[in-house]
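I have placed the structure first, in the form of structure tokens, so that the comments after it can refer back to it.
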2 protein chains.
Amino acid sequence: MKETESPDATTEQKIKEAARTVFHKKGFAATRTRDIAEEAGINLALLNYYFRSKKKLFDIIMIETLDIFKHTMISIFNDKNSSLEQKVELIASNYIDFITNEPDIPMFLLNEMRSNIDDLMEKIPVKPIVMDTVFYNQYMEAVNNDIITEMNPMIFLTNLLSLIVFPFMGKPLLQKIDDADDAQYEKMMQERKKMIPVWIKSMFYRP
Amino acid sequence: MKETESPDATTEQKIKEAARTVFHKKGFAATRTRDIAEEAGINLALLNYYFRSKKKLFDIIMIETLDIFKHTMISIFNDKNSSLEQKVELIASNYIDFITNEPDIPMFLLNEMRSNIDDLMEKIPVKPIVMDTVFYNQYMEAVNNDIITEMNPMIFLTNLLSLIVFPFMGKPLLQKIDDADDAQYEKMMQERKKMIPVWIKSMFYRP
DNA sequence: GTCTATAGGGGGATAGAC
DNA sequence: GTCTATCCCCCTATAGAC
């Protein structure tokens, strides 16, 4: 029973919320179904009653977590009313807010992907999500107009995601180096919302 | 029994090599001592004979893995014969080579750190390793001489590490987006050795 | 739907022969 | 030191009462 619990939710919802929390934090292998039951404030047997097995419950959580990412990406990458520069601001701002609220998700996804890539990628066709987008077309146009110096959009995207995501994944290490408490660290992340677009511009835009 | 095996090594060494490989790839929770025994080509009982328990063996591997990182950092950060710009090149080049050979280590370390930060940080005092260094002094001097625009060395270091490490951790995802095979992906990493110092310069150095 | 009790199996660890 | 056989606990999953 924890702060994540919604007392008036259905049992099924409570179990899923708890599973989300625990799986995200500890990963599949380190999670015990007992942890989930306790977190949900229900009996262990109910977990199997509703979801049949640990693996089936995990798969549901994984799909839903991937879907959140997918939809966030699709909506930002396909916004027709924003310029390329504005999209970079949107991506930085939205993902930093998102990961601040769900700090375990990046490690969870990339860690579980290590073992089950092909499984997962069947369900989420990630290439068209990035390549068949307004973002991609705008990027190529900027390259053709000599506004951007890097021809390969993957390099651009890799660096953008690196600057956004890595500071969250490396937090346990970076925080110790800097002697920062959680509030200071979050403030640093908030400041990165403004700085990342500036940095990206100095890296890739012709001066 | 695998390509990592050294046939003429002592049994103890073979078990440690195998444990390294399997723990790095799957993490503590997902690793079975039987996996390690099989990888080492020895009997399961020998693992306990030499190392008493799975946890004790894991702790040894973890300490050794952290030590590799520590020594690499210390030696680069304290080189008196290299300028700050050269250090950035060295860090990018050495770490990209290192992680190319040991691609599981970043995920392994950061993932296991999530649960056991304080445990580990007692053993590796990471702050002085970065702060009491030639690198730090050179950075501060560059700030005072108005060569560098960002006053906080942590921001500089965070971005540098992000650009180096994240592409490895995000490989399962990024590789799918780009439809790249392993050879292409490694080539991309090699090119980043040259590009990262250039990018860092455009982000932080006064033009 | 929700509980208690328990079956069933996997995995860490050990006993004991060689 | 190295093996086979086995113990035993913990964890997933189910049976069955309510």
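Order of the sequence lines fixes the chain letters, A, B, ..., with proteins taken first and strands second; residue numbering starts at 1 for each chain.
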Does A:T11 make a side-chain N or O approach to OP1 or OP2 of C:dT2 shorter than 4.0 Å? yes
Has the side chain of B:R34 got a donor or acceptor that lies under 3.5 Å from a partner of the other kind on the base of C:dG10? no
Could you give the CZ-to-P distance, from B:R32 to C:dG11, as a whole number of Å? 4 Å
For A:F69 together with A:F98, are the ring centres under 6.0 Å from each other? yes
C:dG11 C1' sits how many Å from B:K55 NZ, rounded? 18 Å
D:dC11 P sits how many Å from A:E38 CD, rounded? 12 Å
Looking at A:K194 and A:E89, is there a salt bridge between them, counting it only when a charged N and a carboxylate O are closer than 4.0 Å? no
Enumerate, atom names and distances included, each donor-acceptor pair closer than 3.5 Å involving a side-chain atom of residues 151-172 of chain A, sequence neighbours excluded.
| from | atom 1 | to | atom 2 | distance (Å) |
| --- | --- | --- | --- | --- |
| A:N152 | OD1 | A:M154 | N | 2.8 |
| A:T158 | OG1 | A:M154 | O | 2.6 |
| A:N159 | OD1 | B:R192 | NH1 | 3.0 |
| A:N159 | OD1 | B:R192 | NH2 | 2.8 |
| A:S162 | OG | A:T158 | O | 2.7 |
| A:K171 | NZ | A:D182 | OD1 | 3.3 |

Could you tell me how the ring of B:F28 sits relative to the ring of B:F58: parallel (under 30°), tilted (30 to 60°) or perpendicular (over 60°)? perpendicular
Quickly work out the B:K54 NZ to D:dC10 P distance and round it to whole Å. 15 Å
note: B:I15, atom CD1; C:dG12, atom C1'; distance rounded to Å ~ 15 Å
Interface with DNA chain D, restricted to residues 42-51 of chain B and to heavy atoms under 4.0 Å: B:N43, B:A45, B:L46, B:Y49, B:Y50
Regarding B:K56 and B:D59, does a basic nitrogen lie under 4.0 Å from an acidic carboxylate oxygen? no
Whether A:F108 and A:H24 hold their rings parallel, tilted or perpendicular, with breakpoints at 30° and 60°: tilted
